[in-house]
Structures are given as structure tokens and as C-alpha cells.
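Heavy-atom basis, side chains included; hydrogens, waters and symmetry copies ignored. In what follows, residues are counted from 1 in the order of the sequence shown. Whatever order the structure lists ligands and atoms in, that order sets their numbers, starting from 1.
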Amino acid sequence: MFQPDLLKGKRILVTGGGTGLGRSMTHRFLELGANVVICGRREDVLKQTVDELAKETGGEIEAVGCDVRIPDAVEAMMDTIWAKRPLDILVNNAAGQILAQTHKLSTRAIDAVLGIVLHGSAYCTVAAGRRWIDAGLRDRVVMSILTVSSLTGAPFTVPSSMAKAGVLAMTKSLAVEWGPKGIRTCAIVPGPFPTEGAWSRLMPKERGGNEELVKTIPLRRVGEHEELANLAAFLVSDGAAYINGDAVVIDGGKMLQSGGGGASTQAMLDWTDEQWEALRPKRK
Ligand code: NAP
């Protein structure tokens with residue numbers, strides 16, 4: 001699909017790159033010649049991913065333990081990364097998520113989600129951006145992984161929706177502020193992509209599992225990691241150099257189906273031909 005050296009020479013940090021979609025993006029970036037640093041809190045998970053992906057792709061990958069909620073930890077991580085070579089691309093992917101009734105959330109739970117997604121993305125973005133701008137480095141990219149709820153809102157995941165909407169605002173604001181300095185921003189808005197992390201917390205079997213879910217997606221299936229990883233590789237590559245401040249939705253059309261027509265029209269998607277025939281005006 002891409003030239004095998006599409007990302008050759010690019011040094012990329014993927015926050016939360018040890019698991020799930022972050023791991024899949026890292027895999028693709030390595031295959032395309034990038035040098036990738038992943039971070040997260042669990043060093044054993046990072047180590048395992050580094051070992052596996054180095055073996056699977058033959059690419060250059062390293063890990064730095066970091067809790068992105070802690071400003072000093074983010075600065076220390078950036079110093080460690082810069083000591084070898086400056087980053088070209090930052091991918092804000094780390095996230096936390098809680099499925100709960102909003103009026104029952106503790107302030108600690110709210111702070112935890114806002115801390116990882118909103119503050120963590122801002123700390124990483126500012127730490128990288130400041131280093132790029134101070135050194136006059138251009139052709140740099142910040143890409144953030146959002147959620148559909150950042151555009152529409154969503155019940156029962158309110159702190160995450162708030163935080164991701166904030167990261168979207170950061171993406172659009174910095175496109176204008178940092179564009180003239182040679183730093184562009186973009187985002188991916190994923191629909192449902194099964195992972196062991198966010199996914200398993202958000203899709204407990206009580207919600208009806210995949211069978212119920214796929215009925216809400218026009219393409220009648222969930223996303224493949226490779227599909228998201230390919231979009232990510234394109235957006236951070238020089239081929240997408242004129243994309244700045246945009247958020248690309250990759251959800252099989254789910255957002256449009258949930259948004260348009262309301263529940264009564266949705267039910268019509270399952271109508272039989274006989275039901276549609278009964279609706280036709282009868283000739284006299
Ligand atoms: P995941 O496997 O749970 O990945 C989250 C990653 O973030 C983990 O590697 C985790 O590692 C890291 N992380 C969490 N807190 C952190 C912290 N304080 N500091 C540093 N790293 C931290 O979830 P996923 O499904 O792959 O989600 C990846 C991204 O896609 C997220 O931004 C999510 O919102 C977005 N997304 C996913 C879906 C989906 O269907 N899967 C849909 C829409 C959007 P540690 O726990 O070791 O720190």
C-alpha cells in the first residue's frame with residue numbers, strides 16, 4: 001500500500017504504544033522504516049512490546065517509562081529522547097476510560113481521565129513543541145487519537161468525551177499557532193476497534209457484545225487495527241504535509257448512522273421487502 005521507506009528517518013513517540021491501537025500503529029511505523037519510542041506506565045508491558053516488535057519488524061524501537069499525567073516525568077522523557085535525537089512526530093495516544101453514571105463519579109476518577117487524556121496530551125505536545133521551536137526545527141507533526149465522543153459527546157463516558165474534545169481544540173488551535181513554525185497537527189477519530197484495554201472496559205457483555213454493536217455500523221463490522229495504522233502512517237507522513245488541523249473519522253460510518261434519522265429510521269434498516277412494499281402508495 002505504501003512505499004516501504006515511507007517513514008524512513010522519522011523518529012516518532014507513541015504514548016501508550018505498549019498495547020492496543022498504539023502498539024498496532026507502532027508496528028506499522030516500524031515496518032515503514034521509522035525509529036519509534038513508546039511510553040507507558042507498565043515497564044514490563046513496554047519491554048515485552050519492544051522485544052516482540054523488534055523481532056517481528058526488524059525495526060528500531062525503544063521504550064521510556066513515563067506517566068504522562070506528571071509534568072516532570074514528561075520533561076524527563078523528552079530529555080531522554082532528545083539526548084539521542086530530536087523527535088519528528090508525536091502521537092498522543094495514551095488514554096484512560098471509565099464507563100459510569102456521571103453523577104456517581106468520584107472527583108478522583110474525573111481527575112484520572114482528564115489527567116491522562118487532556119493534561120497528558122497537552123504536556124507532551126508543549127514539551128515537544130517547545131523543543132522544536134527553540135531549535136528552529138520544522139516539518140514536525142503532532143497527531144492525537146480522539147474518540148467520536150469528542151465531536152458528539154456521549155453519555156456515561158463524560159470525562160473522556162470532555163478531555164478528547166479539549167485535545168481536538170488543542171489540535172485546531174495549534175494548527176494555526178504553530179503552522180507558520182513548520183509544525184502541523186492532525187487527529188484520528190476512531191470508531192470501534194477491539195482491543196484488550198479501552199475496548200474491554202467500554203464493551204462489557206451487558207452491552208450486548210459485538211452482535212448488537214455491528215448493527216449500529218453501516219459497514220456491519222468493527223474496524224481492523226491495520227486500517228487505523230495505515231491511516232496513521234499516511235497522516236504523519238510527508239505525503240500528508242498539507243493536512244493541518246483536521247480530524248479524520250474512521251468508523252465505518254457509525255457516527256452518521258447514530259446521528260441521522262433517530263431511532264425510528266434506524267429500525268427501518270432491518271425492514272423486509274414486504275414491510276417496504278406495504279408502505280408504497282396503492283394505485284387506484
Ligand atoms: P489501551 O490498550 O488501553 O491503550 C492505552 C494505553 O495508554 C496503554 O498502553 C496504557 O499503558 C497507556 N496509558 C494509560 N495511562 C497512561 C499514563 N498515565 N501515562 C502513560 N501511558 C498511559 O486502549 P486502546 O483501545 O488501544 O486505545 C488507544 C487510543 O485509541 C486511546 O486514545 C483511545 O481513547 C482511542 N480509541 C480507541 C477506541 C477503540 O475502539 N479501541 C475507540 C476510540 C478511540 P499503561 O497502562 O502501562 O500506562
- Task: Would you mind telling me if ligand 1 is within reach of the side chain of A94, the backbone, both or neither, using heavy atoms under 4.0 Å?
- Result: both
- Side-chain touch T185/V141, heavy atoms, less than 4.5 angstrom: no
- Message: Salt bridge check, R42 against D44: does any charged N sit closer than 4.0 Å to a carboxylate O?
- Response: no
- Message: So, 4.0 Å and heavy atoms of V45: is ligand 1 close enough to count as a contact?
- Response: no
- N/O of G40 under 3.5 Å from N/O of ligand 1, yes or no? no
- From atom 4 (O) of ligand 1, work out which of T19, V74, V113 has a heavy atom at the shortest distance. T19
- Item | Within-shell test, N92 vs ligand 1, heavy atom, strictly < 4.0 Å | no
- Which of the atoms of ligand 1 are close to T195, meaning less than 4.0 Å from one of its heavy atoms? 24 (P), 25 (O), 26 (O), 41 (N)
- Item | Test item: V68 and Y123 side chains (from C-beta on) under 4.5 Å apart, heavy atoms | no
- Query: For ligand 1, which atoms have a heavy atom of P192 less than 4.0 angstrom away?
  - Reply: 40 (O)
- Would one find an N or O of F193, backbone or side chain, under 3.5 Å from an N or O of ligand 1? yes
- So is G120 close enough to ligand 1, meaning a heavy atom under 4.0 angstrom away? no
- Closest candidate by heavy atom, reference atom 20 (C) of ligand 1, pool C66, A163, A73: C66
- Query: Under a 4.0 Å heavy-atom limit, does K164 contact ligand 1 with its side chain, its backbone, both, or neither?
  - Reply: side chain
- Item | Non-hydrogen side-chain atoms of L235 and V248 separated by less than 4.5 Å | yes
- Item | Minimum side-chain heavy-atom gap R131-P86 below 4.5 Å | no
- Query: Would you say the side-chain atoms of R138 pair up with the backbone N or O of P180, donor to acceptor, closer than 3.5 Å?
  - Reply: yes
- Query: Is it the side chain, the backbone, both or neither of L46 that has a heavy atom closer than 4.0 Å to ligand 1?
  - Reply: neither
- Counting from 1 in the order shown, the ligand 1 atoms closer than 4.0 Å to a non-hydrogen atom of G16 are 6 (C), 7 (O), 9 (O), 12 (C)
- Got a salt bridge between D51 and K55, using NZ or NE/NH1/NH2 to carboxylate O under 4.0 Å? no
- Message: Starting from M143, can I reach V117 by hopping between I/L/V/M/F/W/Y residues whose side chains sit under 4.5 Å apart?
- Response: no
- Does ligand 1 have an atom that lies less than 4.0 angstrom from a heavy atom of G191? yes
- Query: Testing V36, V50, N93 for side-chain contact (heavy atoms from CB on, under 4.5 Å) with T26, which one passes?
  - Reply: V36
- Query: Considering I250, L146, V91, I145, which one's heavy-atom position lies nearest to atom 44 (C) of ligand 1?
  - Reply: L146
- Item | Side-chain heavy atoms of R85 within contact of N35, under 4.5 Å | yes
- Test item, I116 contacting ligand 1 (heavy atom, 4.0 angstrom): yes
- Task: Please identify which atoms of ligand 1 are closer than 4.0 Å to at least one heavy atom of R69.
- Result: 18 (N)
- Does any non-hydrogen side-chain atom of V37 lie less than 4.5 Å from one of V64? yes
- Message: I'd like to check whether T147 has a polar contact with ligand 1, where a contact means an N/O of the residue lying under 3.5 Å from an N/O of the ligand.
- Response: no
- Query: Out of R42, E43, R23, M77, whose heavy atom sits nearest atom 10 (C) of ligand 1?
  - Reply: R42
- Query: Just by distance, do the side chain of Q275 and the backbone of T272 share a donor-acceptor pair under 3.5 Å?
  - Reply: yes
- Counting only heavy atoms, which portion of L21 has something under 4.0 Å from ligand 1: side chain, backbone, both, or neither? both
